[in-house]
Amino acid sequence: MSLACFQPSCNLLASCFAFFFLVLIQTKTATSAVIMSTRNHHNNYHHSRPMLQSNQSTCALFVGAWVRDESYPLYESSNCPTIIDAEFNCQMYGRPDSEYLKYRWQPLNCELPRFNGLEFLLKMRGKSIMFVGDSLGRNQWESLICMISSSVPRTSTQMSRGDPFSFFKFLDYDATISFYKAPYLVDIDLVQGKRVLRLEEISGNANAWRNADVLVFNTGHWWNHKGSLQG
């Protein structure tokens with residue numbers, strides 16, 4: 001996946017947030033293991049047919065399909081220009097179609113409520129959410145901020161961008177959403193002029209995220225790069 005495809009205005013990602021944070025906030029969880037297999041028809045992912053290989057007694061959030069929803073997108077990237085990095089904005093770069101914005105995640109055996117930024121802030125009042133990882137995590141950080149901001153456009157906010165740490169705070173709710181750049185998650189040492197990954201150690205990076213209430217990790221994109229493309 002190229003960097004230009006990490007697109008905050010894409011509501012596939014927005015829908016992911018809608019059910020991901022429901023897992024964190026609500027108590028509704030699956031009680032048995034689920035294995036999903038999909039059958040792709042002509043590369044149309046919304047036609048994938050999930051199949052359960054074990055009994056499921058409650059809502060299976062991670063088994064389902066992408067379905068078209070004309071009420072989407074949850075926000076317009078043009079209304080969130082100060083948040084979204086230019087390289088993440090496919091619409092600004094001239095992508096002519098917008099149909100990909102009109103899909104939401106539909107679990108197999110339950111209905112998800114539409115993401116509500118105000119309700120999210122009320123539930124996360126006084127708490128901190130931190131994304132840790134590479135540019136995909138940064139993209140998710142920006143997308144969540146835009147999703148919330150579309151629900152509370154007049155609330156007071158504070159933002160700071162830096163490297164490796166950036167944050168956005170909804171002041172009226174004392175809720176902070178931050179991003180910490182750590183593409184490999186593990187610590188990196190300089191040995192004889194070379195940067196060496198310490199696979200058994202995260203204490204250096206972990207100091208930055210130790211006090212977060214909710215952590216969202218991602219890594220993997222840079223691990224297989226060679227030569228001048230190494231991170």
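The basis for the numbers below is simple: all heavy atoms, side chains too, and nothing from hydrogens, waters or symmetry mates. Residues: numbered from 1 along the sequence shown. Bear in mind that the values here come from a model prediction, so they are computed numbers and not experimental data.
Counting all heavy atoms, side chain and backbone alike, Y173 lies closest to T155 at CE1-OG1, 3.7 Å. Taking every heavy atom of both residues into account, S150 and Y75 meet most closely at CB-CB, 3.9 Å. Here the shortest heavy-atom pairing between P183 and W222 reads CB-CD1, 3.8 Å. The two residues D69 and S71 make their nearest non-hydrogen contact at OD1-OG, 2.6 Å. Between F115 and L74, the shortest heavy-atom contact is CB-CD1, 4.1 Å.
Using a 4.5 Å cut-off between side-chain heavy atoms of Ile, Leu, Val, Met, Phe, Trp and Tyr, V191 falls into a hydrophobic cluster with V196.
With a 6.0 Å cutoff to the six-membered ring centre and a 45° limit on the axis angle, R138 does not count as a cation-pi contact of F88.
Scored by the ring-ring contact (aromatic ring centres under 6.0 Å, His included) test, F179 finds no partners at all (sequence neighbours excluded). Applying the side chain to side chain donor-acceptor pair (under 3.5 Å) rule to Q158 yields no partners; only residues at least two apart in sequence or on another chain are considered.
A donor-acceptor contact shorter than 3.5 Å links the side chain of S166 to the backbone of G162. Distance alone, capped at 3.5 Å, is enough to place a donor-acceptor pair between the S151 side chain and the G117 backbone. The backbone N or O of D213 lies less than 3.5 Å from a partner atom in the side chain of S128, making a donor-acceptor pair. Under a 3.5 Å cut-off, the side chain of N109 and the backbone N or O of A60 do form a donor-acceptor pair.
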Scan the side chains in residues 204-212 for donor-acceptor partners under 3.5 Å anywhere in the protein, sequence neighbours excluded, and list what turns up.
unit_1 : atom_1 : unit_2 : atom_2 : d
N205   : OD1    : Y180   : OH     : 3.4
N205   : ND2    : L185   : O      : 2.9
N205   : ND2    : V186   : O      : 3.2
N207   : OD1    : R210   : NH2    : 2.8
N207   : ND2    : S203   : O      : 3.3

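F170 is not listed as a side-chain neighbour of S156, based on a closest heavy-atom distance of 4.5 Å or more. Looking at V132 and V216, their side chains never come closer than 4.5 Å, going by heavy atoms from C-beta outward. The shortest side-chain heavy-atom distance between F120 and R125 does not fall under the 4.5 Å cut-off.
The environment of CD in Q192 is sparse: at most 12 heavy-atom neighbours from other residues, nucleotides or ligands sit within 6.0 Å.
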Exercise for the section: Apply side chain to side chain contact (heavy atoms under 4.5 Å, CB included) to the pair R195 and L190, showing each step before the final yes or no. Expected result: CA-CA 5 Å; R195 299 170 75 235; L190 192 64; 4.1 Å; yes
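Counting only residues at least two apart or on different chains, the salt bridge (charged side-chain N to carboxylate O under 4.0 Å, His left out) pairs with a member in residues 178-193 are D189-R198. Within the structure, the salt bridge (charged side-chain N to carboxylate O under 4.0 Å, His left out) test picks out the following pairs touching residues 148-171 (sequence neighbours left out): D85-R161, E142-R161, K169-D174.
Note: the hydrophobic cluster containing M159 also contains F131 (ILVMFWY, side chain heavy atoms under 4.5 Å, direct or indirect links).
Ring centroids of Y184 and W223 are separated by less than 6.0 Å, placing the two rings close together.
One side chain, Q106 or R104, offers a donor N or O that lies under 3.5 Å from an acceptor on the other.
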